[in-house]
Amino acid sequence: MSILSGLNPEQLKAVTLPKRSALVLAGAGSGKTRVLTTRIAWLIQTRQASPLNVLAVTFTNKAAREMLARISAMLPINTHGMWVGTFHGLCNRLLRAHYREAGLPQLFQIMDSADQLALIKRLMKGLNVDDEKYPAKQLQYFINDAKEQGLRAAQVETLDDFSCKLNELYAAYDELCQREGVVDFAELLLRSHELLSRSKPLREHYRGRFQHILVDELQDTSRLQYLWLKLLAGPDNTVFAVGDDDQSIYAFRGASATNMLSFESDFGAATVIKLEQNYRSHANILDVANALIRHNKARLGKNLWTAEGQGELLRLYRAVNDIEEAGFIVEEANALAAEGINLSDIAVLYRSNAQSRLLEHALFSAAIPYRVYGGLRFFERQEVKHALAYLRLVANPDDDGAVLRVINFPLRGIGSRSLAQLQEQALEQRCSLWQAALRRVENKVSGNDPVQRKGIEGFVALIEAMRSTCSGLALPEVIEQVIEQSGLRRHYQGQKDGADRLDNLGELTNAAATFVNENPEPSAQNLLADFLAHAALEAGEHQAGEGADALQLMTVHSAKGLEFHTVFISGLEEGLFPHEQSLVEAGGLEEERRLMYVALTRARRRLYLSFSQERMLHGQTRYGIASRFLGEIPIDLIKPVNCSLSNETSEPLVGELKPAHLDTAPAAFNIEAWSAWRVGQNVLHPKFGAGVIVNAEGRGSDARVQVNFHKAGVKWLALEYAKLTAA
DNA sequence: ACTACGAGACTTTTT
DNA sequence: GTCTCGTAGT
């Protein structure tokens, strides 16, 4: 049976496109992964390429694994030599192979975001930077943003004193990373981009090899990733990219959907193929999604359709408060389960994680099994991070971040004082903390308290003992040794909530054993570094109760790429979804709408939309207004469960938000208004001038609105007194 | 050196 | 409401 059978004409055309760069605009549920993997299989099967000539980039490890699995299912080939992975994973591979040319130590370590933030805080403390004026988070954002643009500190344009200072710190940060032999996520990409652009032989070697480059989720690529692709492709190789501009929901972390717009000209793509047939949902669901996304201006334009039936209407529920909303969802989920729908085929989606608590509570009380996605991942747990820090020290003791994490954990009497002394010494002698500690122990210098010296001496002796015991041991044994010798096991045995943590440490050993099995080749020394890289790059989907039949709880972001029989979209209120923060950002509202589009297109058969008039948020009760997105949905595709579609009855809203380009939309539906003022509305104030309403709460004489004034900033105003006029 | 308590934050997230 | 972080107290 041919690998091409069962493809629709557009899919077939995309899969069998001649050797030329191409862009495939693939809507939700249109079989984009299938097209991508079949294309690879087809290239290999028809001998246009060997597996070695193919490079495929995805966004998540999960997607990469799935792609490899599908290729192996189609072709009897060894996928081991193929380069299929995330941008970060592939760059890591490249840098490990050419660490010297890249100017990195052989065992360079990868920091995750938390490690990076800790390093930044440490850097700022060392330089005596006022963290009130320059928050560490902001510097982290600045650095990552610059790197995602492909810019080193020397290339960043600074317009004011503030960004000038940040940029100075960026330079100092890079220097510190280099000294410690650590690399952040964006650095992996930037470094390998620099490597390839600097070294002509390397560039030519890889260009000669990767004649077919395939890219998944192009709409989520950053500027730097795009440049990386361009550099690797050169003038002769083909790039086959798949993406959906309507599902671009990661602009906030540097993704730019404009890469989709410039792709055709930059890569000389002759063809753009649209995949618009959806194999997932019934027509009503797609019609709603199409109607909603039409309200966005910045689009390439595409309309999903299905050969399946019309299906049922979407159900809208108006709750009195958030507790009642959760109650409704629980009831309906129970009823669906009674009808024989698997709980794991039902998802409750929400905009922000904070909303899960109440739902969890309701589900727990009703004894419905559920699983929450997101949250702490396996390799991010503190006990695992501690063990990994010891491992990092076995690989490279100059890693200051690792030293600081475990120098006094488990407690060994090294307090802030002795630590400060050590840091000062390291700064003076321009060496790592480890070097400073070694010198201190060797020379027995400085007349500090003997107890403190003993602490540091103890630590140095411990790490040295570990390094010598571990040399020659297999990786899982190394981890066992580290957990034992460090005293982590003893420490957690003595804690009352330590059992779970001990389990996780055991799981870490298992993970290492699995890793060794899957990567049989390299030498023992590199295996440790490879495992640490694996731990940093793959935060780990490791979660308990994987296979159990449980209701799925997650944010809309984490639902991307998934599908369910039934989907609940909860908390459809102004300020929550669309989120209030998004309203003040350029393009924010359109991104929120794409997010809503993603949420809608997750459902195969049934879709519930719910909102609540009252909600506890940040410990305060807020009075919400139905999301504007509900007003962008055709009225005849919705069946209200308990509220009226009040087009006929309600008074026209004062200053109702309705952008001019919406005139063509089908009869939009009005929710009864709670306030004459709506979030997102432009207003004028006699004293503060022009602004936009970003939040509203209370009713009648208690009604207040929060307004972001262009000049005067954000203010809360009581509607009874403030003389606001619509603008 | 360690622990406890209070202030402030708090969208989304993969790598 | 709940978590993290920093400082003051033991």
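Below, read A as the first sequence line, B as the second, and so on, with proteins coming before strands; counting in each chain starts at 1.
Residues forming a ring pair (Phe, Tyr, Trp, His ring centres under 6.0 Å) with A:Tyr370 (at least two apart in sequence, or on another chain): none. The ring pair (Phe, Tyr, Trp, His ring centres under 6.0 Å) test applied to A:Phe185 returns A:His88, not counting sequence neighbours. Under the side chain to side chain donor-acceptor pair (under 3.5 Å) criterion, A:Thr60 pairs with no residue at all, not counting sequence neighbours. Listed by chain and residue number, A:Asp244, A:Arg602 satisfy the side chain to side chain donor-acceptor pair (under 3.5 Å) test with A:Gln247 (two or more places apart in sequence, or in another chain). In terms of the ring pair (Phe, Tyr, Trp, His ring centres under 6.0 Å) criterion, A:Tyr170 has no residue partners (sequence neighbours excluded). By the side chain to side chain donor-acceptor pair (under 3.5 Å) test, A:Lys560 pairs with A:Asp220, sequence neighbours left out. With sequence neighbours left out, A:Phe87 forms a ring pair (Phe, Tyr, Trp, His ring centres under 6.0 Å) with A:Phe59, A:Trp228. Judged as a side chain to side chain donor-acceptor pair (under 3.5 Å), and not counting sequence neighbours, the contacts of A:Glu325 are A:Ser610, A:Arg615.
Distance from the side chain of A:Phe252 is smallest to B:dT12 among B:dC10, B:dA1, B:dT12. Of the candidate nucleotides B:dA1, B:dT13, B:dT15, B:dT13 has the atom nearest to the side chain of A:Thr555.
Phosphate contact (OP1/OP2 of B:dT12, side-chain N/O of A:Ser558, threshold under 4.0 Å): absent.
Stacking between A:His557 and B:dT12 is absent: the aromatic ring centre is not both under 5.5 angstrom from the base six-membered ring centre and within 30 degrees in plane angle.
Within residues 349-362 of chain A, the residues having any heavy atom closer than 4.0 Å to DNA chain B are, in order of number, A:Arg351, A:Ser352, A:Asn353.
Judged as a side-chain hydrogen bond (donor to acceptor under 3.5 Å, both in side chains), the pairs with a partner in residues 118-129 of chain A (not counting sequence neighbours) are, in order, A:Arg122-A:Glu180.
Residues A:Thr60 and A:Leu595 each lie close to DNA chain B; by heavy-atom proximity, the contact nearer the 5' end of the strand is made by A:Leu595.
Along DNA chain C, read 5' to 3', the first and last nucleotides having any atom under 4.0 Å from a heavy atom of chain A are C:dG1 to C:dT2.
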Taking only nitrogen or oxygen atoms into account, show me every contact under 3.5 Å that the protein makes with nucleotides 2-8 of chain B, one pair per line with its distance.
{"unit_1": "B:dC2", "atom_1": "OP2", "unit_2": "A:Asn408", "atom_2": "ND2", "d": "3.0"}

